[in-house]
Amino acid sequence: MIVLQIEKLKEQIKNWKKEGLTVGLVPTMGALHAGHKSLIDKSVEKCDRTVVSVFVNPIQFCPGEDLDKYPRTLEADSELCKNAGVDIVFAPSPKEMYGEGYILSNDFLTYVIPPYFYVNKLCGKSRVGHFDGVCTVVNKLFNIVQPDYAFFGEKDAQQLIIIKKMVKDLNIPVEIVPCPIVREQSGLALSSRNKYLSSEQKEQALVLSKILFNIKTCYDNGIKDVEALKDTAFSFLNEHHDLEYLEFRDENTLEEKTTADNNTRVFIAVKIGDVRLIDNILLK
Ligand code: PAF
C-alpha cells in the first residue's frame with residue numbers, strides 16, 4: 001500500500017504498535033535496485049511489519065547537484081516492494097515532509113546537524129550541508145515511523161556511521177542494522193546513480209572496485225602501510241577518472257589511519273564524466 005500522508009501513516013503504525021508488532025524501516029530515495037531489495041528482504045525477515053520510505057529529499061542535495069534529474073520511479077518501486085512483502089511504501093511530497101511554502105534553509109527549518117569531525121571529510125568535504133539534510137530527514141522518518149529497526153546500506157558508509165552517531169548522541173530508540181554492499185558480477189557497487197552512466201562509462205566505473213579489491217588483496221598479503229597501499233591504486237587510474245579521494249579511516253570514528261588494521265575502511269570517490277561514484281571496503 002502506498003501512503004502519501006504523514007498522519008495516515010502514523011495511524012497505521014499506532015495500530016501495529018497496539019498489537020505489539022515490530023516495525024522495520026528502510027529509508028530510500030527510490031529508484032530501487034537489488035541493493036535496496038537486500039535491505040528490504042532483511043527487514044521483512046526480521047520485523048513483523050516493514051515500511052519503505054521513498055523520498056527524494058531536497059535538503060540533502062547541494063546547489064548544482066542532481067536533484068531535478070534524480071530518477072523517480074515510484075510505480076516500479078512500489079511493485080518491487082509489493083513483491084518483496086513490504087507493508088507500506090511511504091512516499092510523501094516535499095510539501096508534506098517540510099510544510100506549506102517550505103523554505104529549505106536553516107533560517108526556516110529545524111535541522112539536525114551531525115558533528116563537524118564526521119562531516120568535514122570524505123563526501124562531506126565536497127557536499128557541504130549534505131549530511132545535515134540526511135540527518136534531518138532520517139530523524140523525521142524515525143519520529144514518524146518509530147521503527148524498532150532501521151536498515152542502511154554500507155555502500156554509503158560515511159552516512160551509516162553518521163546516522164549511528166546521531167542515534168547514539170540523541171538517544172533515539174531504534175536499532176540500526178547495517179547491510180553489506182551489493183555488487184554487479186563485474187564488481188560495480190549498485191547505486192541509483194549508475195543509471196547516469198553510458199556503457200563506456202560503466203566500464204570505466206569498474207576502477208573503484210578494482211582499486212578497493214586490489215588494496216584488500218595487498219593488505220591480506222601483509223602490506224599495512226597506508227601510503228604503500230594507496231600507491232597501488234595509481235596504476236588503475238587513467239584520464240577518464242577524476243579521483244576525488246582515496247582514504248583509510250577507522251570504521252567507527254572516521255579517524256585517519258596511517259597503518260591499516262581490521263577496523264580500517266577504505267573509502268573512494270571518483271568522478272567519471274559528470275557522474276560522481278563512491279565505494280568502500282572494510283579491511284578485515
Ligand atoms: O541513502 C539514501 O538513499 C538517503 O540518503 C536516505 C538515507 C534515504 C535519506 O534521504
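Counting convention: from 1, in listed order, for ligands and their atoms alike. Hydrogens, waters and symmetry mates are skipped; everything else that's a heavy atom, side chains included, is used.
- Remark: ligand 1 atoms within the under-4.0 Å shell around heavy atoms of Thr28 are 8 (C).
- The existence of a salt bridge linking Asp261 and Lys284 is excluded, since no basic side-chain nitrogen approaches an acidic carboxylate oxygen closer than 4.0 Å.
- Residue Asp156 approaches ligand 1 through these ligand atoms, each under 4.0 Å from one of its heavy atoms: 1 (O).
- Less than 4.0 angstrom separates some heavy atom of Pro27 from each of these atoms of ligand 1: 8 (C).
- Pairs of residues two or more places apart, or lying in two chains, that qualify as salt bridge (Lys or Arg N to Asp or Glu O under 4.0 Å) and include a residue from residues 113-131 are Glu65-Arg127.
- Among protein heavy atoms, the minimum distance from atom 3 (O) of ligand 1 is reached at Met29 CG, 3.6 Å.
- For the pair Glu247 and Lys230, the salt-bridge criterion is not met [side-chain N within less than 4.0 Å of a carboxylate O].
- Applying the side-chain contact (heavy atoms from CB on, under 4.5 Å) criterion to Thr253, with sequence neighbours excluded, gives Asp250, Glu255.
- No side-chain donor-acceptor contact under 3.5 Å links Asn214 and Tyr219.
- Here the shortest heavy-atom distance to atom 2 (C) of ligand 1, taken over Lys140, Lys155, Gln159, belongs to Gln159.
- Where the criterion is an N or O separation shorter than 3.5 Å, residue side chain and backbone included, Gln60 meets it with respect to ligand 1.
- For a threshold of 3.5 Å applied to N or O pairs, the pair formed by Asn57 and ligand 1 contains no separation below that value.
- Between Arg276 and Glu244, at least one side-chain nitrogen of the basic residue sits less than 4.0 Å from a carboxylate oxygen of the acidic one, meeting the salt-bridge criterion.
- Ligand 1 places these atoms under 4.0 Å from at least one heavy atom of Val137: 9 (C), 10 (O).
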